[in-house]
Number of protein chains: 2
Amino acid sequence: MAYTYKYPHPAVSVDIAIFTIRDEALKVLLIRRGQPPYRGEWALPGGFVGLEESLKHAAWRELKEETGVNAVYLEQLFTFGHPQRDPRERVISVAYFALIPSDKLEIKAASDADSVDWFGIEEVPKLAFDHKKILRKALERVAAKLDYSTIAFQLMPETFTMPQLQHVYEVITRVPTDKRNFRKRMLALNVIEQTGEEKRTGAHRPAKLYRVVDRNKVDYIK
Amino acid sequence: MAYTYKYPHPAVSVDIAIFTIRDEALKVLLIRRGQPPYRGEWALPGGFVGLEESLKHAAWRELKEETGVNAVYLEQLFTFGHPQRDPRERVISVAYFALIPSDKLEIKAASDADSVDWFGIEEVPKLAFDHKKILRKALERVAAKLDYSTIAFQLMPETFTMPQLQHVYEVITRVPTDKRNFRKRMLALNVIEQTGEEKRTGAHRPAKLYRVVDRNKVDYIK
DNA sequence: GCAAAAGTGTTATCCCTACACCCATGA
DNA sequence: TCATGGGTGTAGGGATAACACTTTTGC
């Protein structure tokens, strides 16, 4: 079966930079390509857009295929369309990024084994296509949004401590912050509350646990 | 001649919201469609992406076709891809917005006469496709960027006065501002300088003229 | 009791806001 | 001379940034 058009049509794909926090670091999900082009190289998960599905739907579908999760933060990033970005044919890629809380991860369940893995953003290998460029832009966007929105909480587990939260800010923005000021700033957002519980992790004072009052909601500041 | 693919491919277009300031108001350029669908209705200028050109190139091409200008501010806005947004076939639209200084306009030279016109953003008629949605998003983006960047100067002519500049801010953000504070804020940006000239426009004190030190450059604030 | 990380308040500084009068011009 | 819009400075308040010591725990 073939599809014929009067004018040339490009192919359209979605690619997703999926982020999470693990082992105190910001990680991105990559898959090892099983098919040419770039067979054997790492790439962002992605795929072609179905003719009857919306772009966002395609992004959700890919996200679920690779991670099993569904209710996470997903945002359109940018559309990349350089004529030679794919050696096969003209492929225009609508890029998205997703933020997954560290406790929702089941990965590798849905997808096939050792061709999927999380990489610290410092240790990302060479990537197929222009995926390095996509990843860079996604990181910029996420870092910028920490400053004027509450998306950071989309990366936090159900309950978390202040030092944990601060750590997330610091690994993403690379700006070290005074912990007293950071605490004040977070509480002033009015989107988290104490659970009453504490978390003890070693030979030191336990940390108070917090939760987000309304997950699913992202506030914009100022 | 026909183009055949193994899998179905959507068509990809670019649509552009082109803004300028005229008669003290923010205007957007619309074209009246000469072909179905939506024949006779107004729409954002746009067209299909050539197989060998980048998305930005396609946007520039359309922009130049309609306005004759080339050196203006052009930014990718968002990609719209609902399956039914075009009644003919699946069309994915990569939307851009452009800002043109009021003194660079020649319009209607390049394009065909009375099927192109500028509309104040308050008087935009019903638009074809989902172009109202695109326009709304473009306006939001521009208004938001006034707060944290210097894109406003991309709308200003070679030389301009403070009241003119303030007017641009006010028509876009709809936030009236104290003129003393506004002036201080603008000067603190360090991107404009006095020309030494004045502009006299009526029975009142003449206004000092300013120019942008480095056009082409857009600063991000804070 | 000691090391390690968590928790906590106050002060100084900067930035933003509010606010009112004089000036230069054309008619 | 009068109406019109352009130009100018200061003081107060709120937000942000700087800064050091005490607490709780595990070993």
Side-chain angles (χ1 to χ4, degrees), chain A residues 21 23-25 143-144 146-150 152 156-157 159-171 173-211 219-222, chain B residues 21 23-25 143-144 146-150 152 156-157 159-171 173-211 219-222:
Chain A
I21 300 283
D23 306 332
E24 311 260 283
L146 286 197
D147 273 344
Y148 66 90
S149 80
T150 59
M156 306 307 294
T159 65
F160 54 89
T161 68
M162 275 291 176
Q164 260 183 292
L165 180 60
Q166 182 167 357
H167 193 79
V168 169
Y169 270 82
E170 290 181 342
V171 295
T173 64
R174 301 156 174 285
V175 178
T177 313
D178 177 88
K179 62 179 172 174
R180 282 168 291 190
N181 293 337
F182 178 81
R183 188 175 287 261
K184 269 180 284 182
R185 215 171 89 218
M186 290 303 117
L187 293 174
L189 295 175
N190 249 322
V191 299
I192 57 175
E193 60 188 10
Q194 285 196 28
T195 66
E197 310 282 301
E198 294 185 329
K199 183 177 193 177
R200 42 195 74 209
T201 56
H204 56 83
R205 184 170 173 176
K208 292 178 180 159
L209 282 165
Y210 293 82
R211 85 168 67 83
D219 285 354
Y220 293 85
I221 303 161
K222 248 188 133 185
Chain B
I21 300 284
D23 307 333
E24 311 259 282
L146 284 198
D147 273 345
Y148 66 90
S149 79
T150 60
M156 305 309 291
T159 65
F160 53 88
T161 68
M162 275 292 176
Q164 261 183 292
L165 180 60
Q166 183 169 356
H167 193 80
V168 170
Y169 269 82
E170 290 180 343
V171 295
T173 63
R174 298 154 176 288
V175 179
T177 314
D178 177 87
K179 60 178 171 174
R180 282 169 291 193
N181 294 336
F182 179 80
R183 188 175 289 263
K184 269 179 287 181
R185 216 171 88 217
M186 290 302 117
L187 293 175
L189 295 175
N190 250 321
V191 298
I192 57 175
E193 61 189 9
Q194 286 195 28
T195 66
E197 311 281 300
E198 295 187 329
K199 182 177 192 177
R200 42 195 73 210
T201 57
H204 55 83
R205 182 170 175 176
K208 293 178 180 159
L209 283 166
Y210 293 82
R211 85 167 69 81
D219 285 353
Y220 293 86
I221 304 162
K222 251 186 125 184

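Proteins get letters first, then strands, A, B, ... in listed order; numbering begins at 1 in each. Side chains included, hydrogens not; waters and symmetry mates left out as well; all remaining heavy atoms used.
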Apply side-chain contact (heavy atoms from CB on, under 4.5 Å) to the pair A:Glu197 and A:Thr159, showing each step before the final yes or no. CA-CA 9 Å; A:Glu197 310 282 301; A:Thr159 65; over 6 Å; no
Give the intermediate values and the outcome of side-chain contact (heavy atoms from CB on, under 4.5 Å) for residues B:Tyr148 and B:Lys222. CA-CA 7 Å; B:Tyr148 66 90; B:Lys222 251 186 125 184; over 6 Å; no
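Residue B:Lys222 places none of its side-chain N or O atoms closer than 4.0 Å to OP1 or OP2 of D:dT16.
Pairing each heavy atom of B:Gln166 with each of B:Thr177, the nearest pair is NE2-O, 2.8 Å. Minimum heavy-atom separation, B:Ala207 to B:Thr161: CB-CG2, 3.6 Å.
Per the geometry, OH belonging to A:Tyr148 stands 17 Å off P belonging to D:dT16, to the nearest Å. In this structure, B:Lys208 places its NZ atom 15 Å from C1' of D:dG5, rounding to the nearest Å. Rounded to an integer number of Å, the gap from CG of A:Leu187 to P of C:dT8 is 9 Å. When rounded to the nearest whole Å, the span between CZ of B:Phe182 and P of D:dT8 equals 14 Å. In this entry the distance linking CD1 of A:Ile221 with P of D:dA15 reads 14 Å, nearest Å. D:dG7 atom C1' lies 17 Å from atom CE of B:Met186, rounded to whole Å. Atom CD in B:Gln164 sits about 11 Å away from atom P in D:dG7, given to the nearest Å. Look at CZ on B:Arg183: it is 16 Å from P on D:dT10, rounded to the nearest Å.
Using a 4.5 Å cut-off on side-chain heavy atoms (C-beta onward), B:Thr150 and B:Leu189 make contact. Considering only heavy atoms from C-beta on, A:Leu165 comes within 4.5 Å of A:Met186 through its side chain. The shortest side-chain heavy-atom distance between B:Met162 and B:Lys179 does not fall under the 4.5 Å cut-off. Between B:Phe182 and B:Glu170, the closest side-chain pair of non-hydrogen atoms is not below 4.5 Å. With contacts defined as side-chain heavy-atom distances shorter than 4.5 Å, the pair B:Val168/B:Met156 qualifies.
DNA chain C lies under 4.0 Å from no heavy atom of any residue of residues 188-196 of chain A.
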Letter by letter from the 5' end, nucleotides 19-27 of chain C scores (B base, S sugar-phosphate only, - none; protein heavy atoms under 4.0 Å) BB--BBBB-
